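Keep in mind it's a predicted model, so treat the numbers as computed, not measured. Along the sequence shown, residues carry numbers from 1.
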Amino acid sequence: MIAYKDVLNQPQYAAVSFNDGPLLVIAGAGSGKTRTLTYRVARLVQDGISPASILLLTFTRRASQEMLNRASELLDERCEGVSGGTFHSFANAVLRKYAAFIGLDNAFTIIDRVDMEHLISILKKESGAGLKDRSFPKNRTLASIFSASVNKVLSVDDIIYEDHPHLSQHMDTMVNLHNDYQQYKSGHSLLDYDDLLICLHRLLNEDADIRNRLAAAYQYIMVDEYQDTNQVQAEILYLLTQQHQNIMVVGDDSQSIYAFRGAAVENILSFPNRYAGTTIIRLEENYRSVQPVLTLTNTIIDRAPRKYTKTLFSTIEGDNLPVLVRAGSENSQSRFVIDKIKDLSLQGVRLNEIAVLFRAGFHSFDLEIELSREAFPFIKVGGFKFMDSAHIKDVLAHLKVVYNAEDTISWYRILLLLDRIGPKSARDIFRAVQKQQHGVKGLKTAALSDRISKRVADLADLLIAMDPGRMTVSALGEVVLSYYLPILKKKYDDHPKRARDLDQLLAIMERYQSLESFLTDMAIEPPTTAVDETFSMTIPEDQRLTLSTIHSAKGLEWHTVFIIWALDGRFPSAHAINKQEDLEEELRLMYVAATRAKENLFITYPGQLFDRISGSFLNRPSRFLDQIPLDVLARETVY
């Protein structure tokens with residue numbers, strides 16, 4: 001038996017011991033929300049609730065696995081039977097079983113963002129959209145618009161009017177292109193990330209029998225980071241819990257900072273209205289930061305017009321007030337940060353315990369130059385991800401074609417790797433293969449010219465030899481690599497580094513029993529770090545400073561945090577100042593940044609900057625910090 005009262009504070013215990021009905025847990029930063037969810041899983045199982053009837057939804061697979069592993073350690077292996085995962089992985093699992101009920105092929109392929117952009121590129125060329133018009137939006141912008149349309153439950157027209165009014169001249173063409181995109185996916189058994197949620201919602205909404213079956217299967221549903229859900233995810237949860245209303249959501253409206261991804265802070269703000277009789281529990285004791293940091297963060301978020309009122313407190317007293325530093329210029333701001341880091345190093349604070357946070361990636365450019373001059377090792381969070389690398393995409397494309405011979409994007413990718421095969425030839429070859437209706441074998445039997453037949457002969461042999469029914473996932477990978485490595489050496493000067501990445505991919509493949517599950521995970525929950533970053537760093541991890549956007553820093557913590565460019569007009573941005581909702585989110589962004597600090601917090605801004613767009617000088621600190629009393633936020637000036 002677990003002594004819950006001895007290891008949990010009173011609000012945590014109230015949430016963990018809560019039984020039936022809707023529960024909203026407002027979990028302030030550093031207040032132990034993960035601990036609360038973990039102990040509630042253990043408590044439900046201990047009280048005889050079937051683990052299979054508990055569903056834990058999180059935003060990363062790692063988060064759910066960690067919670068369930070901890071619950072198993074607390075109680076016993078029964079907790080391993082709890083269903084846990086992301087919204088997208090849950091949607092995939094349900095759709096693999098029930099897709100046919102909404103007219104989908106169960107063997108659909110999931111395309112990631114890069115594939116999505118590639119497909120848009122193909123459709124643009126076929127339709128002539130934006131041909132020879134440099135003002136027509138790029139593939140990445142189009143993908144963002146199409147995705148925002150789904151996540152915000154708005155039409156493409158509305159997204160353009162709201163977020164991209166400068167592109168309104170291309171409205172009709174973009175809407176037509178979006179229609180082509182939707183039709184193409186439907187005709188080739190392709191689903192993008194957003195489709196997973198949309199299709200699950202459609203299934204639950206249209207088929208009462210399946211909805212009731214799933215509701216009966218999952219009697220207790222728990223959701224982490226509820227403030228980050230979009231409208232579709234909130235609707236899915238509502239449909240799943242209509243029968244029993246046993247839903248526990250944990251989140252913090254003050255940390256809702258992902259509106260650009262479709263996250264709707266209204267979901268958590270309106271939860272008690274949607275679920276009648278909701279119990280609200282606030283977790284306010286912070287186990288991360290010293291009280292002076294929390295006093296400042298409480299002051300910042302108190303300015304939010306819409307919020308659940310809470311006051312974070314800590315038993316860790318702390319000696320230093322947070323400091324707002326006015327620098328003479330951007331470069332003097334960078335020099336201040338570096339000098340202060342040197343001081344901290346002399347005091348025994350390691351570089352990996354320090355972070356510099358900023359609103360936008362380009363805000364750190366000057367600091368990066370100065371850090372390099374001083375030979376300070378640092379890592380910048382963000383940038384190119386492992387699964388977005390061209391050589392990784394090349395290998396996966398061969399596997400995707402074998403899994404789904406209708407996957408146009410992957411066909412184009414592997415054909416374009418061949419010598420003297422261009423986009424037109426790739427399209428002609430694919431169409432010829434389709435006509436054969438023999439899957440990958442059609443590459444052998446298609447009516448192609450002798451010149452092209454010779455160039456695709458090795459590829460045809462490879463694809464036909466790859467049999468997912470007989471070969472393990474890693475064996476399929478070995479076959480593709482033996483074919484692809486000569487291409488890699490011709491294509492890239494840094495092929496040894498990329499080959500190490502492919503070895504890492506092969507090691508990942510060894511953990512999978514089916515090609516479908518491997519490709520699904522690579523699309524939904526891919527690894528993000530290349531092998532050279534993981535295994536070949538010459539600088540030990542505890543000797544590297546972290547530079548990060550605030551969005552990438554959420555959920556993390558450091559001994560000392562610097563927030564740079566806290567200049568009104570930059571943070572908040574000039575764009576956000578004119579829109580109340582955006583301004584509220586920027587306030588929450590400042591709150592998230594400040595709550596990352598455990599002991600020291602320095603907030604800096606250059607005191608004089610000419611803004612070319614507005615034609616004016618920016619010289620005031622962020623309005624989120626202005627007028628805060630000196631006994632809460634100290635002031636300093638450097639030149």
Side-chain angles (χ1 to χ4, degrees), residues 140 257 323-346 349-386 388-389 494 497 528-534 536-567 569-573 586 589-590 592-594 596-597 600-613 618 621-622 636 638-639:
R140 178 173 294 184
I257 59 173
V323 184
L324 177 62
V325 180
R326 183 184 190 275
S329 65
E330 178 181 10
N331 188 251
S332 62
Q333 173 180 246
S334 300
R335 292 306 316 170
F336 168 80
V337 171
I338 288 174
D339 290 343
K340 191 59 70 174
I341 290 173
K342 288 178 180 178
D343 291 343
L344 289 164
S345 296
L346 291 174
V349 181
R350 294 179 299 178
L351 282 180
N352 72 315
E353 295 178 321
I354 304 171
V356 182
L357 307 182
F358 31 84
R359 185 189 166 280
F362 66 87
H363 285 168
S364 68
F365 287 171
D366 184 76
L367 177 60
E368 290 174 46
I369 293 169
E370 293 299 324
L371 287 170
S372 298
R373 279 183 185 156
E374 294 275 354
F376 264 108
F378 65 87
I379 183 169
K380 187 172 181 179
V381 177
F384 219 61
K385 290 186 171 62
F386 179 55
D388 293 344
S389 303
D494 61 346
K497 168 189 145 345
T528 57
T529 308
V531 65
D532 66 311
E533 294 171 332
T534 311
S536 304
M537 287 297 297
T538 56
I539 306 295
E541 187 177 339
D542 66 353
Q543 295 177 28
R544 283 182 279 146
L545 173 73
T546 298
L547 307 185
S548 176
T549 61
I550 299 167
H551 286 100
S552 297
K554 185 170 174 288
L556 303 176
E557 58 188 53
W558 293 270
H559 174 280
T560 298
V561 168
F562 295 85
I563 304 171
I564 61 174
W565 278 103
L567 179 70
R570 289 292 181 270
F571 192 179
S573 68
E586 297 251 332
L589 197 62
M590 180 68 78
V592 167
R596 300 310 95 199
N600 298 321
L601 176 60
F602 300 95
I603 308 175
T604 70
Y605 68 101
Q608 186 86 323
L609 179 78
F610 181 70
D611 182 48
R612 295 178 184 276
I613 297 176
L618 305 179
S622 171
E636 186 175 333
V638 296
Y639 296 99

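- Inter-residue side-chain proximity for His559 and Ile354 is flagged as unmet; no heavy-atom pair is nearer than 4.5 Å.
- For the residue pair Ala360 and Thr549, the shortest heavy atom distance occurs at C-CG2, 4.4 Å.
- Separation of atoms CG (Leu344) and CD (Glu353) is listed at 10.0 Å; rounding is to 0.5 Å.
- Val561 approaches Ala593 most closely through the heavy-atom pair CG1-O, 4.1 Å.
- Proximity of Tyr639 to Ser329: side-chain heavy atoms (C-beta onward) are nowhere separated by under 4.5 Å.
- Considering only residues two or more places apart in sequence or on other chains, Ser573 meets the side chain to side chain contact (heavy atoms under 4.5 Å, CB included) condition with Arg359, His575, Ala576, Glu586.
- Contact of the Phe571 side chain with the Ile563 side chain is registered, since non-hydrogen atoms from C-beta on lie closer than 4.5 Å.
- The distance from atom OG of Ser548 to atom CZ of Phe378, rounded to the nearest 0.5 Å, is 13.0 Å.
- Under the 3.5 Å distance criterion, with hydrogens and angles disregarded, a donor-acceptor pair is assigned to the side chains of Ser364 and Lys380.
- Of the inter-residue distances, the one linking Leu351 atom CG with Phe376 atom CZ reads 6.0 Å to the nearest 0.5 angstrom.
- Listed here is the closest heavy atom pair of Phe358 and Val356: CE2-O, 3.4 Å.
- For the pair Leu547 and Ile379, the minimum side-chain heavy-atom distance is 4.5 Å or more.
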Run the numbers on Thr546 and Val381 for side-chain contact (heavy atoms from CB on, under 4.5 Å), then give the verdict. CA-CA 7 Å; Thr546 298; Val381 177; 4.0 Å; yes
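- Rounding to the nearest 0.5 Å gives a distance of 15.0 Å between CD1 of Ile564 and OH of Tyr605.
- Electrostatic pairing of Arg326 and Glu636 does not count as a salt bridge here, judged by no charged N lying under 4.0 Å from a carboxylate O.
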**Worked check of side-chain contact (heavy atoms from CB on, under 4.5 Å) between Leu357 and Phe562** = CA-CA 6 Å; Leu357 307 182; Phe562 295 85; over 6 Å; no
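- Remark: the backbone N or O of Glu557 is not paired with any side-chain donor or acceptor of Arg596 at under 3.5 angstrom.
- Put simply, OG1 on Thr560 and CD1 on Ile341 are 9.0 Å apart, with the number rounded to the nearest 0.5 Å.
- Considering only heavy atoms from C-beta on, Pro572 comes within 4.5 Å of Ser622 through its side chain.
- When side chains are defined from C-beta on, Leu556 counts as touching Trp558, because their heavy atoms get closer than 4.5 Å.
- Considering only heavy atoms from C-beta on, Leu545 stays 4.5 Å or farther from Pro377 through its side chain.
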Only pairs under 3.5 Å count here: list side-chain donor-acceptor contacts from residues 333-340, not counting sequence neighbours, and write none if there are none.
residue : atom : partner : partner atom : Å
Gln333  : OE1  : Trp565  : N            : 3.0
Gln333  : OE1  : Thr604  : OG1          : 2.8
Ser334  : OG   : Glu330  : O            : 3.4
Ser334  : OG   : Asp366  : OD2          : 2.6
Ser334  : OG   : Leu367  : N            : 3.4
Arg335  : NH1  : Glu370  : OE1          : 3.1
Arg335  : NH1  : Glu374  : OE2          : 3.2
Arg335  : NH2  : Glu374  : OE2          : 2.9

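- A distance of 13.5 Å separates CG of Leu567 from CD1 of Ile603, quoted to the nearest 0.5 Å.
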